[in-house]
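All heavy atoms count here, side chains included; hydrogens, waters and symmetry mates do not. Quick caveat: nothing in here was measured; it's all calculated off a predicted structure. Quick note on labels: first sequence line is chain A, next is B, and so on, each numbered from 1.
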Number of protein chains: 2
Amino acid sequence: MTTTYTGPAPADFTDVRATNLAVVLDYVRTNAPCSRADIAASTGLNKATVSSLVGELIERRLLRETGMTERRIGRPATMIVLDGAPYAAIGLDVGTDQLTVIAVDLGGEHLLAWRRAFTGRGATPGRSVAAIAALARRALGRLADQGRQVLGLTVGVGGLVDPDGVVRIATGLDWRDVPLRDSLVRALGAPDYPVTVDNSANLAVLAEHRYGPYAGTPDLAYLTSGPGVSAGIVAGGRLLRGAGGYAGEIGHFVVDPGGPECSCGRRGCLEAVAGVGALIRRLAGTEPAGDLEPEVAGIVRRARAQEPKTLAALHEAGRHLGHGASLLANLVNPSVVILGGHYVPLAPWILPTAGEALDTLVVAPQPPGAGLVASALGHDAAAVGGAAAVLDAVEAGRLPLPTA
Amino acid sequence: MTTTYTGPAPADFTDVRATNLAVVLDYVRTNAPCSRADIAASTGLNKATVSSLVGELIERRLLRETGMTERRIGRPATMIVLDGAPYAAIGLDVGTDQLTVIAVDLGGEHLLAWRRAFTGRGATPGRSVAAIAALARRALGRLADQGRQVLGLTVGVGGLVDPDGVVRIATGLDWRDVPLRDSLVRALGAPDYPVTVDNSANLAVLAEHRYGPYAGTPDLAYLTSGPGVSAGIVAGGRLLRGAGGYAGEIGHFVVDPGGPECSCGRRGCLEAVAGVGALIRRLAGTEPAGDLEPEVAGIVRRARAQEPKTLAALHEAGRHLGHGASLLANLVNPSVVILGGHYVPLAPWILPTAGEALDTLVVAPQPPGAGLVASALGHDAAAVGGAAAVLDAVEAGRLPLPTA
DNA sequence: TCCTTTTGTTTGTAGATCCAACAAAACTGT
DNA sequence: ACAGTTTTGTTGGATCTACAAACAAAAGGA
């Protein structure tokens, strides 16, 4: 007899324990090194409870005591830090022209960061999946050599990804309905850690939410461009996924009905007027294929040289991007909209006009410092975000087994 | 010593209890009448635990046993239902031309539904607040006569409302920075139940989420028009508020750059091309002031008579509205976008073109039945949503005191 | 009349937090 | 040098809650 009740889930002692373990873990992550007394005072948990929680986390090798102590009056505190050694979280980003894999420990320290050339478009999905799995296996091997237990692997793809890890549409890769998660699970031999697939922009905003200058801000939006334009949104402290997992599709929002033609058949989509691919097409005259980075570097060079045509194109793209950002700002009201991906090197020329457009189009009163900023995390944001997603899951209660 | 830690909140036994009380309450609400055994079987809670929880809820007069029993083999069950008598939740919507107050019991049964003419524009905010308070007092008096305890009062306003209940901007009322919540609390004599203020569209989508045909769907968007156009979004089962509480501002999204002028100074805002106010201006030729309902009724009459100009205008408004809805669909990916407010009577002529526009503009694969629908809740949605907000708070743990 | 079935309570157990008291380990002052 | 102060972290007991299993209650069926 299957129950069809889908309302709120009942709670239980293990939930209380899991919640409080996560609270302690989160506190140590953001305030390390700290003492048990600090944790108790700041979180409101009882000292005895904190001792018990810290004890369990040490036993599970998530935390570690250091010999460090502060020179103060009173009994010296035994300081607690995250235990960097035993675990690793892996994020892997599938770009059109390269694969990026990043592994971090609990504290966010990079354990490895590899890039590999990759021909996303042109190869069959099967070959691409094999290449992705091969890179993942290499990273897994390295981490196994270090004696680390893998907490999870999250793969980012620029496209529509459903909750089962099937890539519905990824124009940059020419993929349709590719069951990436299942394929990877099979290729990696049905590992015991969770393997998930998500949209790259979703992962990038998770990276910002955990490691960026606005870390912990409950409402963030992230706007990025590979070949297309896509948004990731954190609202109320959680990733906004939507009913099918397809939230954040801003690329085909029409900002300029008379503008250039878009790959979707319409005219003046945000992607077509302010996407990095479109910028390259307009400024370099070449069809953007393969690695976009040198092309972007070329644009930066010409902008630095004050080339009028380049500056004008960037300013106009900025205006349109500000228009797109205003949509996010008005609909979701984030504390800040972060520009990422290839926009970051172009930010000095894009941001002024984009910020101006945003300010005139946003309805709500904006606190000072709100608005539009460039990401400080660099190109690996999506891969880092994949690792962040794994750590989010761990902190949400999926703790690794004790001494497993 | 103020703690500055803002991470996840520690849990406690009382949280477990509150959660499980809410689970039982929610189950009975959606499955009444039901027995203790039903609850245990469906929620997974232990029979003994359910007995304890139901006992407490009966003691607090939120549930009630009925004599009813089912004729089956085995010991007959004592059926449980929501206790309709002791409590009331009040929602009050402030329109430009009328006030609506609704009171419901725990089960959503309407206890009263009053409308009153109201001159929002023109009167000073002080006078308007006095009128709102007067209507609330009348409703409170009626409920007190019935011996009901008030669980809360939520007031909806069409405009930007910050988390403290200050109405930052409400163009329909000509308000700026009106501290409505504080004023009401004072006018009602600092009552012991919570008084809150929220955006009308936010409340309307809460009403849909609780009482509409899509009740319980975790991702919903609501698009409504008074004089302006505004959206309310439920994402991941929770209302999307944003950093400042200003989410859902879709009215000044530019859908037609060459279109008619908008009150905001730009051209072709969604509000200016598809707002009900703009429709009236175009079709009736009159400046929409005061009650919009008869004007809308006039448009419906002319549409029924197949008047070409009216039909064309509605179809065009529908196209633009579909464009606006596509933004919501692409950015937030709700299961469905619900058209509310004055759009409901116009839906037969708006929906076809709007749905068509939406379908061509939405990027994500849509499951059948998704898309655009007209609200089934009627004009009182925002007021009902105010009451729903109160009940949400109760079910989130703010249970009334036992025998208070 | 006895058995079966289902309901709801009772009784005891386990787990987790909290409180208060205490022990431990430093610094401080005479 | 030594007691007093201050802060840390642990220990034992009380409390609260959910759970499991046995049991009592109330019907229908044979």
Side-chain angles (χ1 to χ4, degrees), chain A residues 1 8-24 27-28 31 33-60 63-80 397 399 402, chain B residues 1 8-24 27-28 31 33-60 63-80 397 399 402:
Chain A
M1 173 159 41
D12 150 330
F13 296 115
T14 60
D15 296 309
V16 175
R17 187 68 172 178
T19 302
N20 290 340
L21 286 169
V23 166
V24 171
Y27 184 85
V28 174
N31 297 77
C34 59
S35 70
R36 291 170 172 83
D38 291 338
I39 300 171
S42 295
T43 63
L45 287 163
N46 190 277
K47 282 196 298 175
T49 308
V50 170
S51 270
S52 160
L53 292 165
V54 167
E56 180 169 346
L57 289 171
I58 287 176
E59 200 176 328
R60 292 184 183 226
L63 297 184
R64 186 165 53 82
E65 289 186 348
T66 70
M68 285 182 54
T69 165
E70 291 178 17
R71 299 202 154 273
R72 269 183 317 179
I73 195 172
R75 170 174 168 177
T78 55
M79 304 308 271
I80 310 280
L399 294 184
Chain B
M1 177 158 44
D12 183 333
F13 296 118
T14 59
D15 297 307
V16 176
R17 189 68 172 178
T19 302
N20 290 340
L21 286 168
V23 167
V24 171
Y27 184 86
V28 175
N31 298 76
C34 58
S35 70
R36 291 170 172 82
D38 292 337
I39 300 171
S42 295
T43 62
L45 287 163
N46 188 279
K47 281 196 299 175
T49 307
V50 170
S51 269
S52 160
L53 292 165
V54 167
E56 179 170 346
L57 289 171
I58 288 176
E59 200 175 328
R60 292 185 185 228
L63 298 183
R64 186 166 52 86
E65 288 186 347
T66 71
M68 287 181 52
T69 168
E70 292 178 16
R71 301 203 153 271
R72 268 181 319 180
I73 194 172
R75 170 175 168 177
T78 55
M79 304 308 270
I80 311 280
L399 295 183

Next on the checklist: Evaluate A:Asp38 against A:Asn31 for side chain to side chain contact (heavy atoms under 4.5 Å, CB included), listing each step before the verdict.
Outcome noted: CA-CA 9 Å; A:Asp38 291 338; A:Asn31 297 77; over 6 Å; no

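- For B:Ser51, a side-chain nitrogen or oxygen approaches OP1 or OP2 of C:dT9 to under 4.0 Å.
- Between the C1' atom of C:dA23 and the NZ atom of A:Lys47 lies a distance of 11 Å, rounded to the nearest Å.
- Put simply, A:Arg36 has no side-chain N or O that comes within less than 4.0 Å of OP1 or OP2 on D:dT7.
- At least one side-chain nitrogen or oxygen of A:Asn46 sits closer than 4.0 Å to the OP1 or OP2 atom of C:dC19.
- Atom CG of B:Leu45 is separated from atom P of D:dA18 by 8 Å (rounded to the nearest Å).
- Contact annotation: the side chain of A:Glu65 approaches that of A:Ile80 to within less than 4.5 Å [non-hydrogen atoms, C-beta and beyond].
- Listed pair B:Asn20 / D:dA18 meets the phosphate criterion, a side-chain N or O lying under 4.0 Å from OP1 or OP2.
- Along DNA chain D, the nucleotide nearest A:Ala48 and the nucleotide nearest A:Ala11 are compared for position; the residue whose nucleotide lies closer to the 5' end is A:Ala48.
- Rounded to whole Å, the distance from CG on B:Leu53 to C1' on D:dA18 is 9 Å.
- Remark: C1' of D:dG9 and CD1 of A:Ile80 are 10 Å apart, rounded to the nearest angstrom.
- The phosphate of D:dG9 (OP1 or OP2) has a side-chain N or O of A:Thr78 nearer than 4.0 angstrom.
- Heavy-atom distances to DNA chain C give each of B:Ala37 and A:Val16 a nearest nucleotide, and the one nearer the 5′ end belongs to B:Ala37.
- In this structure, B:Asp38 places its CG atom 11 Å from C1' of C:dT6, rounding to the nearest Å.
- A:Asp15 has its CG atom 11 Å from the P atom of C:dA16, to the nearest Å.
- Side-chain N/O atoms of A:Ser35 include one lying less than 4.0 angstrom from OP1 or OP2 on D:dG9.
- Within the 4.5 Å cutoff, side-chain heavy atoms of B:Leu45 are placed close to those of B:Val24.
- Among all heavy-atom pairs drawn from A:Arg17 and A:Ser52, the shortest one is NH2-OG, 2.8 Å.
- Heavy atoms only, all atoms of each residue included: B:Cys34 and B:Val28 are closest at SG-CG2, 4.0 Å.
- Comparing D:dT8, C:dC19, D:dT7 by their nearest atom to the side chain of A:Ile73 picks out D:dT7.
- Distance CZ (B:Phe13) to C1' (D:dT17): 7 Å, rounded to an integer number of Å.
- If you check distances only, the side chain of A:Arg75 does reach the base of D:dT8 with a donor-acceptor pair under 3.5 Å.
- For D:dA18, one of the phosphate oxygens OP1 or OP2 lies less than 4.0 angstrom from a side-chain nitrogen or oxygen of B:Arg17.
- Atoms CD1 (A:Ile39) and C1' (D:dT7) sit 16 Å apart, rounded to a whole Å.
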